[in-house]
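Order of listing sets the numbers, starting from 1, for every ligand and every atom in it. The first residue in the sequence is number 1, and the count goes up from there. Worth knowing before you read on, the calculation uses all heavy atoms, side chains too, and leaves out hydrogens, waters and symmetry mates.
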Amino acid sequence: MAAGSLADFERLLRRAKIMEALSLAAEVFLRSTPETWEQNVLKVLEKLGEARNVQRVYACKNRTAEGKLFLFLKYEWLQHGPDQVLEEDAATLHEYAEVGLQGWAERLTRGEVICEPVKNFLPHELVWNVSTSAQGLIIVPVFVGEEWWGYLGFESAIEGEEQCSVPEVEALKAVATTFGAAIRNKRMAEELAAEKTSVALKVEERTRELKLAQAELKAALYHSKEEKARLTASIHSLSMGFVLTDREGKVELFNHAVNQILGEKLTDWTLADLIQRFEGLLDFKDLVGQAVNEMKEIRVDEVKYQEKWLRLYFTPIKMVEDDGRVIGVVCLIEDMTEAKELQRARDEFFAVASHELRTPLTAIKGNAMLIEHLMPQVRDRPEVAEALAGIETSCDRLTAMVNEYLDVSRLEMAQVTLTREPFNLVELVAGCMRGLEEQARGRGLAWELQLPDGTEIQVKGDKSRTEQVVINLLGNALKYTSQGGVYVKVTRGQETVKVAVYDTGEGIEPSEQAHLFQKFKRVGDRVYARDVKEGTGMGLYISRLLAEAMGAKVYLEKSAKGQGSGFVLELPLG
Ligand code: ADP
């Protein structure tokens with residue numbers, strides 16, 4: 001009992017020492033910093049070694065790589081030798097299976113403590129990392145959280161049953177748990193530190209980015225100021241008046257030309273000012289609204305503003321990349337007075353010149369006829385007779401041309417007074433047809449007129465001008481048709497009557513059709529190679545001006561290249 005009591009006492013004493021080492025471990029690890037960590041581990045190992053009176057205490061650390069489990073000796077304390085901390089490398093790293101410790105690995109993973117006299121181990125288990133002088137061995141697994149980190153090893157020079165007693169093993173287990181917790185603590189501290197550094201780095205990076213963005217923003221601001229200055233200068237240098245408004249017409253910007261054109265000296269233009277200045281001429285606010293709603297440019301021509309002629313454009317400002325929203329309107333005011341006066345002077349000159357041309361033309365023709373009359377013998381000289389005939393026909397063509405020019409300038413200057421008398425359109429068309437019938441038949445062309453029931457369609461208007469338009473359409477049909485014929489159809493509608501002239505001639509390309517009815521416009525390249533015998537390119541233009549002046553319309557109904565055309569004169573009834 002006495003011996004038993006002594007053994008009990010010793011066991012208690014060892015346990016107390018281990019517990020002392022444990023409390024030291026807890027305290028030391030708690031205060032550990034990354035710098036003091038390794039020293040502290042060795043200190044704890046030393047304390048444990050002394051407590052258990054063993055010759056060697058060490059810690060082996062696991063490493064998994066490529067699906068295999070390795071281990072290496074990390075920390076070592078020797079009773080009679082130097083401590084050491086080893087680094088993981090190819091030389092220190094061993095695979096469990098290779099050093100014969102596969103069996104240990106399996107037991108330790110389960111949390112078992114291996115505590116045996118050395119003689120009980122299998123030979124291959126003693127090849128690696130067991131001192132030759134070792135008699136007893138305790139191996140305690142260390143876990144960091146769920147992860148098996150490695151183990152603590154205790155080598156004693158003497159073997160004793162008592163070292164594997166339950167209280168002692170439990171105490172060592174507690175040491176291993178504390179060690180695992182300390183490692184976990186250290187890892188977390190390291191992660192935190194790493195995170196702190198990365199946060200610091202990120203903050204630094206963001207600050208740099210922010211500075212860069214700020215610099216870019218400044219540059220952009222500067223650039224936009226420059227752009228604005230350029231734009232403002234351009235707007236002010238415009239000779240046209242420029243007014244920028246929002247969607248409701250509130251003036252946001254205007255240039256000097258507005259004051260110049262409108263003869264004002266306002267330092268601030270408002271919508272109310274614009275409405276008031278154009279009162280009776282146009283509704284400024286309404287036009288802005290119209291441009292916004294219809295999303296298209298609106299042009300107002302011939303605005304007589306005091307002594308001036310103005311043209312106004314209202315253009316919506318669309319945000320193209322932004323679903324085409326309209327954010328405002330640009331109103332341009334163009335002073336057309338000078339251009340209009342120039343046009344007028346040109347027209348007048350044209351009218352006078354044309355008029356003056358007629359006198360010598362009449363004289364030339366008259367003289368040619370006089371020669372024929374006074375010298376009948378010239379008829380015997382065919383070349384002279386031909387020359388005289390040439391003079392006469394050329395004079396006729398020229399006179400016709402001059403008359404056309406005169407017509408145009410008079411019509412454009414609104415100097416033509418049209419009569420308004422009732423007449424029978426059927427009779428008029430039939431008369432025109434008769435006049436050209438001989439020419440058509442002579443060229444082997446069909447020449448037909450199709451009338452509605454009844455022989456009379458009364459219209460009111462200028463009879464001779466109507467005749468002029470019909471003859472022009474018939475003349476063109478004849479001129480541009482070499483086969484087939486010309487078919488005229490008169491149809492009576494509810495409010496209008498139509499005279500349609502169809503031919504089976506050369507037809508007009510679709511691209512050319514849009515240019516018909518324009519001044520001097522002749523289809524294709526004919527405008528450049530004008531043949532006086534053919535025409536002047538003014539017939540349709542004059543027809544349009546005349547028709548419009550009479551409240552009628554002329555238009556191309558259909559035409560296809562090589563398949564003929566159909567032109568229509570549509571007159572109001574009654
Ligand atoms: P022009 O004096 O040249 O005939 P117009 O104004 O009467 O002048 O006609 C303009 C152009 O339209 C003509 O040059 C011609 O090319 C084309 N055109 C007019 N009528 C016809 C038609 N019936 N068939 C084909 N082309 C025509």
Side-chain angles (χ1 to χ4, degrees), residues 350 354 357 393-412 416 429 432-433 435-437 439-441 443-450 464-490 498-550 552-570:
F350 209 42
S354 306
L357 269 173
T393 40
S394 293
C395 274
D396 286 346
R397 301 261 173 236
L398 266 174
T399 312
M401 245 170 90
V402 166
N403 285 341
E404 277 190 350
Y405 286 139
L406 264 174
D407 247 357
V408 168
S409 50
R410 284 199 198 122
L411 277 165
E412 282 178 343
V416 174
V429 175
C432 295
M433 291 284 290
L436 288 167
E437 183 160 14
Q439 203 182 326
R441 303 265 184 239
R443 290 180 45 206
L445 296 173
W447 192 249
E448 285 171 22
L449 172 62
Q450 190 186 326
S464 72
R465 291 307 199 173
T466 309
E467 208 166 52
Q468 191 179 341
V469 176
V470 174
I471 288 178
N472 182 243
L473 296 183
L474 289 174
N476 278 350
L478 206 56
K479 201 161 24 172
Y480 301 108
T481 305
S482 47
Q483 279 177 31
V486 177
Y487 306 87
V488 179
K489 194 172 167 188
V490 179
K498 287 185 191 174
V499 181
V501 180
Y502 301 105
D503 63 58
T504 56
E506 60 191 57
I508 303 157
E509 278 308 348
S511 62
E512 304 283 359
Q513 294 176 9
H515 303 300
L516 291 168
F517 305 101
Q518 287 175 9
K519 201 172 181 175
F520 300 126
K521 200 68 201 179
R522 311 197 60 228
V523 168
D525 54 6
R526 290 204 200 112
V527 74
Y528 302 110
R530 187 171 288 152
D531 176 352
V532 183
K533 268 186 280 176
E534 270 199 54
T536 54
M538 302 242 277
L540 289 179
Y541 179 60
I542 294 174
S543 300
R544 195 195 87 197
L545 292 181
L546 281 172
E548 279 170 3
M550 294 189 289
K553 285 190 281 192
V554 258
Y555 53 90
L556 177 73
E557 188 186 274
K558 59 176 182 188
S559 187
K561 197 72 192 151
Q563 288 173 41
S565 318
F567 283 87
V568 177
L569 166 65
E570 187 171 351

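When only interatomic distances are considered, the shortest N/O to N/O separation between Ile508 and ligand 1 does not fall below 3.5 Å. Geometrically, ligand 1 and Glu506 share no nitrogen or oxygen pair separated by less than 3.5 Å. Looking at Lys479 next to ligand 1, an N or O pair under 3.5 Å apart turns up. Residue Leu540 has at least one nitrogen or oxygen atom sitting less than 3.5 Å from a nitrogen or oxygen atom of ligand 1, judged on distance alone.
Scanning for side chain to side chain donor-acceptor pair (under 3.5 Å) contacts around Arg465 gives Asp407, Gln468, with sequence neighbours left out.
Here is the list of ligand 1 atoms found below 4.0 Å of a heavy atom in Phe567: 20 (N), 21 (C), 22 (C), 23 (N). Close approach of ligand 1 to Ala477 is summarised as follows: ligand atoms under 4.0 Å from at least one heavy atom of the residue are 23 (N). Annotation for ligand 1: atoms under 4.0 Å from non-hydrogen atoms of Gly539 are 5 (P), 6 (O), 7 (O), 8 (O).
Val416 approaches Leu411 most closely through the heavy-atom pair CG2-N, 3.7 Å. Of all heavy-atom pairs spanning Val501 and Ala477, the tightest one is CG1-CB, 3.8 Å.
In this structure, the side chain of Asp503 does not engage the main chain of Val486 through any donor-acceptor pair within 3.5 Å. Using modelled atom types, one side-chain atom of Arg443 and one backbone atom of Leu478 make a donor-acceptor pair closer than 3.5 Å.
Under the 4.0 angstrom criterion for non-hydrogen atoms, Gly505 is not in contact with ligand 1.
A distance of 9.5 Å separates NZ of Lys561 from OG of Ser511, quoted to the nearest 0.5 Å. Atoms CZ and CG, on Arg410 and Leu545 in that order, are 13.5 Å from each other to the nearest 0.5 Å. Note that CD1 of Ile508 is 4.0 Å distant from CZ of Phe567, once rounded to the nearest 0.5 Å.
Under 4.0 angstrom from ligand 1, there are no non-hydrogen atoms of Phe517. Looking at Asp503 against ligand 1, only its side chain comes within 4.0 Å, counting heavy atoms.
Scanning Leu516, Leu474, Val501, Asn476 for the heavy atom closest to atom 12 (O) of ligand 1 points to Leu516.
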